[in-house]
Amino acid sequence: MKGLAALGGSLALGRHAGAVAPVTDPTLAKFIHGLPKSEYHVHLEGTLEAEMKFALAKRNGMNLPFADVAAMKASYQYHDLPSFLAIYYDGMKVLQKEPDFYDLAYAYLAKAASQNVIYAEMFFDPQEHLKRGVTMADVIGGITRARRDAESKLGIRSQLILCFVRDLSAESAMATLDAALPFKADLVGVGLDSDEAGNPPEKFREHFAKARANGLKVTAHCDVDQTDTLKNIRTVLTDLKVDRIDHGGNIVQSTELVAIAKERGIYFTVCPTFSGTLRRTEKMPVDVVRAMLDAGLKVTISSDDPAYMGSEYIDGVLIRAVDRSRLSKAELIAMTRYGFEAAWLPEADKAAMIARLDAYVKSA
Ligand SMILES: [Zn+2]
C-alpha cells in the first residue's frame with residue numbers, strides 16, 4: 001500500500017496485469033519458484049485475504065456487508081489512494097484479538113514459505129488497531145507467536161517492522177512507538193507508510209531518532225510520483241539517513257540522488273505490481289525496476305499488499321517483473337542476492353542465506 005503512488009497510471013497497470021500474458025517459459029517459472037528468496041515490503045494487513053476476513057468476522061461475532069467472498073473481492077475497486085486506503089483500513093477491522101493476528105501472520109508466512117521465501121521482514125500498522133481498542137500486546141504478541149511457529153514448523157525466518165501511519169498525527173505515532181517499546185525485542189525496525197501527500201518524512205524525525213536510540217532500524221516509503229517526491233527522497237537519504245527505502249522509484253530522475261544512494265549502499269524494496277511505472281509522461285511511462293537496475297541501484301522485489309492485488313504473492317510478482325521489465329536471469333539472481341544482503345541480520349546469517357542461494361543457482 002501505500003505504495004500506491006501514481007495510482008492512476010499504476011492502477012491501470014495493476015488492473016491490466018491480469019490480462020498481461022504470463023511468462024511462458026516454464027523453466028524460468030520453475031527456477032523462480034525454487035529460488036531461496038526474501039521479502040521486505042509486505043504489509044501484513046495487506047495479506048488479509050477475503051476468506052480470512054469472513055472467518056475472523058465469524059469468530060468475533062461481526063457482520064460484514066458482503067454476501068460472500070466473491071462479493072467482497074468484487075468490492076476491491078479503487079481509483080486513487082484515498083479510496084484504496086478506505087477499503088484497506090475497513091478490511092482490517094476484523095482483526096480484534098491475539099489469535100487473529102497470529103492467524104494473519106501465520107497464513108502469510110505459510111504462503112511465503114510455500115514459495116521458498118526463507119526470510120521476511122514484515123510491516124504492520126499498529127496505530128490502526130490501537131484506534132479500535134486492540135492492545136499492543138495482542139498485536140505484537142500474536143504476530144510474534146506466529147513468527148516463532150512458522151520458523152520452527154516451516155523453516156521461514158522473519159522479523160517485524162512497525163510502520164507509522166503517516167497521515168495520522170505525529171503525536172499518535174509517538175504514542176504508538178512508546179506503546180511498542182516494551183516489546184522492542186520483537187521488532188527489528190520502524191517504517192513509514194500510508195498517504196505521503198502532506199506528510200513528509202521529516203514529520204517523523206523525533207520518532208526515527210527515538211527508534212534508533214532503542215536499537216531499531218529505520219526505513220521509509222517514498223511512494224512513486226508524489227508531490228515533492230525528490231525532496232522527500234533527499235530528506236530520507238541525507239537528513240534522516242534511513243537504512244533502506246521502500247519504493248523510491250523517482251530517484252532515477254536525479255543523478256545526484258542516485259549517486260548518494262549508491263554511496264550509502266541503500267537497498268530499495270520495490271513492488272512492481274502497483275508502483276511499477278513512473279508517469280514521466282502519459283505516453284511514455286518509465287518502468288521502475290528497469291530504470292533503477294539500469295541506474296545501478298540495489299533493487300529487491302516484494303509483493304506489498306497481495307490480498308488487494310489479485311492475491312499475487314512473490315512468485316507471481318517476480319514472474320511478472322521478469323516479463324514486464326525484461327529481466328535477465330543474471331539480474332534476477334543479483335536482485336535475489338541483494339535481498340539477502342539487505343537483511344537486518346548479523347553478517348554470518350546473511351552469508352548463510354547467500355550460500356543457499358549460490359548452491360541453488362549452481363544446481364538449478
Ligand atoms: Zn508499501
Side-chain angles (χ1 to χ4, degrees), residues 1-7 9-11 13-14 17 38-48 76 78 80-89 91-92 104-105 108 112 117 120-128 158-168 173 188-197 199-201 204 217-226 229 232-233 236 242-251 266-278 288-289 292 299-314 317-318 321 339 342 344:
M1 161 178 61
K2 307 171 155 209
L4 287 183
L7 202 54
S10 301
L11 181 63
L13 192 70
S38 60
E39 190 161 36
Y40 299 103
H41 190 149
V42 60
H43 300 268
L44 273 179
E45 294 90 344
T47 70
L48 178 54
Y76 294 170
Y78 26 90
D80 59 10
L81 185 53
S83 62
F84 171 83
L85 292 174
I87 293 167
Y88 184 83
Y89 289 128
M92 66 176 76
L104 174 71
Y108 162 70
V117 174
E121 291 173 7
M122 311 171 293
F123 296 135
F124 72 123
D125 287 333
Q127 261 164 298
E128 290 298 321
S158 62
Q159 300 200 83
L160 197 52
I161 300 171
L162 183 158
C163 277
F164 301 120
V165 177
R166 65 198 305 165
D167 39 333
L168 297 178
V188 69
V190 297
L192 201 55
D193 66 13
S194 205
D195 198 349
E196 187 168 333
N199 299 289
F204 300 91
K217 297 280 194 179
V218 172
T219 186
H221 277 55
C222 289
D223 285 352
V224 171
D225 285 346
Q226 294 288 301
T229 281
N232 289 347
I233 293 174
V236 301
V242 294
D243 300 291
R244 206 151 68 200
I245 292 179
D246 305 309
H247 297 300
N250 289 86
I251 194 169
I266 291 288
Y267 293 88
F268 293 80
T269 70
V270 178
C271 306
T273 306
F274 260 100
S275 290
T277 57
L278 304 180
V288 167
V289 173
M292 294 178 84
V299 175
T300 70
I301 299 275
S302 290
S303 61
D304 214 356
D305 301 287
Y308 295 91
M309 298 176 179
S311 295
E312 193 159 74
Y313 288 78
I314 193 64
V317 171
L318 280 171
W344 288 339

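On a predicted model such as this, the values are computed, not experimentally measured, just so you know. Just so you know, ligand 1 is whichever comes first in the structure, and atom 1 is the first atom listed for that ligand. Hydrogens, waters and symmetry mates are skipped; everything else that's a heavy atom, side chains included, is used.
The atom of Asp304 that is an N, O or S and sits closest to the Zn ion (ligand 1) is OD1.
The NE2 atom of His221 and the NE2 atom of His41 subtend an angle of 90° at the Zn ion (ligand 1), given to the nearest 10 degrees.
A pairwise comparison of heavy atoms in Gln127 and Cys163 identifies OE1-O, 4.2 Å as the closest pair.
Under 2.8 Å from the Zn ion (ligand 1) lies no N/O/S atom of Cys271, from backbone or side chain alike. Coordination check, His247 versus the Zn ion (ligand 1): failed, since every N/O/S atom of the residue sits at 2.8 Å or beyond.
Note on ring orientation: taking the six-membered ring where Trp is involved, the planes of Phe123 and His221 are tilted (angle from 30° to 60°).
Under a 4.0 Å N-O distance rule, the pair Glu121/Lys217 does not qualify as a salt bridge.
With sequence neighbours excluded, the residues forming a salt bridge (Lys or Arg N to Asp or Glu O under 4.0 Å) with Glu128 are Lys131, listed by chain and number.
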